[in-house]
Visitor: 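Before anything else, here's the structure in question.
Below, each value reflects all heavy atoms present in this structure, side chains not excepted, and no hydrogens, waters or symmetry copies.
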Amino acid sequence: MEYTTYKLSDILKIGNGKDHSSLDDGEYPVLGSGGVMRYANQYLYDGESVLLPRKGTLNNIQYIKGKFWTVDTCYYTIINQEKVVPYYLYRMLRYLDLSGLDSGASIPSMTSKCYYGIKIKLPSISTQRRIASILSAYDNLIENNNKRIKILQQMAENLYKEWFVRFRFPGHETTPIENGIPKGWSINRFDTAAMLINGRAYLMPELLSEGKYRIVRVGNFSGKDEWFYSDMELESDKYCEQGDLLYKWACNFGPEIWNEEKVIYHYHIWKVVPKNNVNKAYLYFYLKTSTPLWMGGTNGTAMVHITKESMEKKKMVVPPKSILDQFDNIVGPMIRNRLSLLKHNENLIKQRDLLLPRLMSGKLAV
């Protein structure tokens with residue numbers, strides 16, 4: 001496969017983002033280096049563009065098509081589509097490691113001059129289109145799965161609120177309200193419904209670059225790809241396995257259902273073990289909907305966190321087992337389907353990212 005070398009200055013023009021604070025809410029996405037920030041009533045550019053971070057996360061190059069606005073932490077690009085397919089360029093720049101080009105000091109940053117000087121090798125426009133078509137097919141599948149994941153999550157959360165917040169559960173018409181809750185229900189401490197098990201605290205020398213077990217930390221749930229490992233054999237309750245309910249209690253808060261192989265969970269995570277006939281589905285959505293309400297009352301100095309003692313003392317409404325079982329019968333399959341789609345997306349991303357260098361290098365013919 002033949003290639004032509006270009007500087008980015010040969011194939012695109014860089015536009016500066018602008019302040020968005022004076023814009024009203026609307027339909028057009030406002031993007032920064034971290035992604036979509038809000039939606040506004042005006043747009044800065046209309047078309048296919050590759051968004052280049054100016055400050056912050058320099059590896060978060062984005063692709064967008066349509067009308068959008070960018071803020072001053074992010075450049076947008078006007079691309080010469082006679083020379084390069086915008087989506088192909090996006091995938092190529094994502095594949096390159098641009099972190100070494102950082103021209104900032106304490107905050108990572110890039111100037112337009114630095115970007116303009118980057119050299120890339122491009123195949124013919126027809127080859128670019130074929131490669132872009134293959135890779136974008138993966139993205140389309142991932143996006144469709146994401147839409148289904150969002151719908152399933154919203155359906156289950158809406159049902160939880162309908163039954164357990166608004167008290168419109170099966171049989172509510174004939175169930176009287178006593179002391180603010182349906183008759184036969186109770187208000188108990190959280191520790192009567194679940195046991196919280198602390199993860200293990202590690203010293204830095206104990207964190208390995210490879211080993212028998214991965215160590216899941218809070219950041220790994222929010223897209224941080226860096227993993228540490230351990231060869232230690234610990235008590236059985238220091239591991240989590242697929243389907244376990246976890247709760248992040250520092251930095252980034254909330255419940256997660258672990259969807260991968262056996263790992264060790266870090267100190268800033270609790271394993272939540274249901275008890276007394278309270279099921280995992282109910283606990284998950286109780287924690288999911290309650291966490292935003294608790295954030296105003298967190299305790300901490302250097303690190304904001306929820307203490308185990310304060311969590312165990314929290315009061316929660318506990319319905320009868322028959323209602324909990326009905327909820328689990330409806331929502332349980334939704335949760336499993338959502339986890340299956342998330343796993344499918346992980347596999348699609350791995351397949352796409354394995355294909356990408358082979359396609360762009362010409363090792364895999366198209």
Side-chain angles (χ1 to χ4, degrees), residues 1-15 29 31 33 35-36 43-53 57-68 70 74-101 110 112 114-150 223 225 340-366:
M1 190 158 61
E2 294 184 357
Y3 294 88
T4 303
T5 300
Y6 295 96
K7 288 184 177 180
L8 288 193
S9 58
D10 299 326
I11 59 175
L12 58 80
K13 291 182 180 180
I14 291 175
L31 299 106
S33 58
V36 176
Y43 60 91
L44 196 59
Y45 185 71
D46 181 7
E48 284 186 273
S49 185
V50 176
L51 308 185
L52 304 172
T57 310
L58 296 185
N59 61 353
N60 191 24
I61 294 169
Q62 303 168 75
Y63 167 81
I64 190 165
K65 183 178 182 180
K67 299 173 180 177
F68 63 90
T70 57
C74 190
Y75 300 114
Y76 68 94
T77 55
I78 302 169
I79 298 169
N80 181 346
Q81 297 191 32
E82 293 182 358
K83 294 181 178 178
V84 63
V85 174
Y87 180 83
Y88 181 92
L89 177 64
Y90 158 70
R91 278 292 162 205
M92 168 165 278
L93 293 176
R94 287 273 296 187
Y95 176 63
L96 298 175
D97 181 10
L98 302 183
S99 58
L101 301 175
M110 280 282 282
S112 56
C114 286
Y115 278 122
Y116 277 140
I118 293 173
K119 293 181 180 181
I120 59 172
K121 293 181 179 180
L122 296 176
S124 68
I125 198 78
S126 59
T127 300
Q128 290 179 47
R129 290 195 183 102
R130 289 195 295 272
I131 293 173
S133 176
I134 293 168
L135 296 175
S136 62
Y138 282 89
D139 285 352
N140 292 336
L141 287 171
I142 292 165
E143 180 59 26
N144 287 336
N145 283 345
N146 283 335
K147 289 177 181 177
R148 293 170 64 192
I149 288 165
K150 186 176 180 180
D225 292 331
S340 176
L341 289 168
L342 285 168
K343 180 59 70 176
H344 187 210
N345 272 1
E346 286 181 19
N347 291 332
L348 287 171
I349 290 168
K350 287 177 183 177
Q351 291 170 24
R352 182 199 65 200
D353 292 350
L354 284 171
L355 272 177
L356 190 148
R358 292 174 58 81
L359 288 168
M360 291 193 169
S361 66
K363 291 181 179 178
L364 191 63
V366 293

Visitor: Taking all heavy atoms of Pro29 and all of Leu31, pick out the closest pair and write down the distance.
Guide: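 Between these two residues, the closest heavy atoms are O-CD1, 3.8 Å.
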
Visitor: For the OG1 atom of Thr4 and the CD1 atom of Ile120, what is their distance to the nearest 0.5 Å?
Guide: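 Separation between the atoms: 10.5 Å.
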
Visitor: Who passes side chain to side chain donor-acceptor pair (under 3.5 Å) against Arg352, sequence neighbours left out?
Guide: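 Arg352 satisfies side chain to side chain donor-acceptor pair (under 3.5 Å) with Asp139 only.
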
Visitor: Which value, rounded to the nearest 0.5 Å, describes the distance between Asn347 atom CG and His344 atom NE2?
Guide: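 Reported value, rounded in 0.5 Å steps: 7.0 Å.
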
Visitor: Indicate yes or no for a side-chain donor-acceptor contact from Asp10 to the backbone of Lys7 under 3.5 Å, with no hydrogens or angles considered.
Guide: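 Yes, the answer is positive, given that a donor and an acceptor are paired below the 3.5 Å cut-off.
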
Visitor: Tell me, do Leu356 and Leu135 make a side-chain contact under 4.5 Å, heavy atoms counted?
Guide: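 Side-chain contact under 4.5 Å: yes.
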
Visitor: How many angstroms lie between CG in Asp353 and CZ in Arg91, if you round to the nearest 0.5 Å?
Guide: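 So the gap between those two atoms works out to 6.5 Å.
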
Visitor: Identify the residue among Ile14, Leu8, Leu52 that makes a side chain to side chain contact (heavy atoms under 4.5 Å, CB included) with Ser112.
Guide: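 For Ser112, the side chain to side chain contact (heavy atoms under 4.5 Å, CB included) check succeeds only for Ile14.
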
Visitor: Taking only residues two or more places apart in sequence or in another chain, which ones pass side chain to side chain contact (heavy atoms under 4.5 Å, CB included) with Lys13?
Guide: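 Lys13 satisfies side chain to side chain contact (heavy atoms under 4.5 Å, CB included) with Ile78, Tyr116 only.
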
Visitor: For residues 121-128, run the donor-acceptor check on the side chains, cut-off 3.5 Å, and write out each pair with its distance to 0.1 Å, sequence neighbours left out.
Guide:
unit_1: Ser124; atom_1: OG; unit_2: Ser126; atom_2: OG; d: 3.1
unit_1: Ser124; atom_1: OG; unit_2: Thr127; atom_2: N; d: 3.2
unit_1: Ser124; atom_1: OG; unit_2: Thr127; atom_2: OG1; d: 2.9
unit_1: Thr127; atom_1: OG1; unit_2: Arg130; atom_2: NH2; d: 3.3
unit_1: Gln128; atom_1: OE1; unit_2: Val85; atom_2: N; d: 2.8
unit_1: Gln128; atom_1: NE2; unit_2: Lys83; atom_2: O; d: 3.1
unit_1: Gln128; atom_1: NE2; unit_2: Pro123; atom_2: O; d: 3.0

Visitor: Could you pull out all residues at least two apart from Phe68 that satisfy ring pair (Phe, Tyr, Trp, His ring centres under 6.0 Å)?
Guide: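 Once residues adjacent in sequence are excluded, the partners of Phe68 under the ring pair (Phe, Tyr, Trp, His ring centres under 6.0 Å) criterion are Tyr45.
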
Visitor: Give the C-alpha distance, both sets of side-chain angles, the deciding distance and a yes or no for side-chain contact (heavy atoms from CB on, under 4.5 Å) between Ser49 and Thr77.
Guide: CA-CA 5 Å; Ser49 185; Thr77 55; 3.3 Å; yes

Visitor: Restricting to side chain to side chain contact (heavy atoms under 4.5 Å, CB included), what partner residues turn up for Asn146, sequence neighbours left out?
Guide: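 Partners of Asn146 by the side chain to side chain contact (heavy atoms under 4.5 Å, CB included) criterion, ordered by chain and then number, come out as Ile142, Glu143, Ile149, Asn345.
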
Visitor: With sequence neighbours excluded, what pairs up with Glu346 under the side chain to side chain donor-acceptor pair (under 3.5 Å) test?
Guide: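 Result, side chain to side chain donor-acceptor pair (under 3.5 Å) vs Glu346: Lys343.
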
Visitor: Who are the ring pair (Phe, Tyr, Trp, His ring centres under 6.0 Å) partners of Tyr63, not counting sequence neighbours?
Guide: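 Per chain and number, Tyr63 pairs via ring pair (Phe, Tyr, Trp, His ring centres under 6.0 Å) with Tyr87, Tyr90.
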
Visitor: If you compare all heavy atoms of Leu355 against all heavy atoms of Tyr138, which two are closest, and at what distance to 0.1 Å?
Guide: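 That closest heavy-atom pairing would be CD1-OH, 3.4 Å.
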
Visitor: Spell out, as yes or no, whether a donor-acceptor pair under 3.5 Å connects the side chain of Ser133 to the backbone of Arg129.
Guide: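 A pair under 3.5 Å: no.
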
Visitor: How long is the span from the SG atom in Cys74 to the CD atom in Gln62, to the nearest 0.5 Å?
Guide: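 Going from the SG atom of Cys74 to the CD atom of Gln62 covers 5.5 Å.
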
Visitor: Rounded to the nearest 0.5 Å, how far does CG of Leu12 lie from CG of Leu89?
Guide: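 Rounded to the nearest 0.5 Å, the CG-CG separation comes out at 6.5 Å.
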
Visitor: Give the minimum heavy-atom separation between Gly35 and Asn60, together with the two atoms involved.
Guide: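 Looking at all heavy atoms of both residues, the shortest contact is N-ND2, 3.9 Å.
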
Visitor: Under 3.5 Å, which donor-acceptor pairs do the side chains of residues 358-366 form with other protein atoms, sequence neighbours left out?
Guide:
unit_1: Ser361; atom_1: OG; unit_2: Pro357; atom_2: O; d: 2.8
unit_1: Ser361; atom_1: OG; unit_2: Arg358; atom_2: O; d: 3.3
unit_1: Ser361; atom_1: OG; unit_2: Lys363; atom_2: N; d: 3.4

Visitor: At what distance, to the nearest 0.5 angstrom, does CG of Asn145 lie from CG of Leu341?
Guide: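 Asn145 CG to Leu341 CG: 5.0 Å, rounded to 0.5 Å.
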
Visitor: Walk me through whether Thr70 and Tyr75 qualify under side-chain contact (heavy atoms from CB on, under 4.5 Å).
Guide: CA-CA 7 Å; Thr70 57; Tyr75 300 114; over 6 Å; no

Visitor: Around atom OH of Tyr95, are there more than 12 heavy atoms of other residues, nucleotides or ligands at under 6.0 Å?
Guide: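 Open.
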
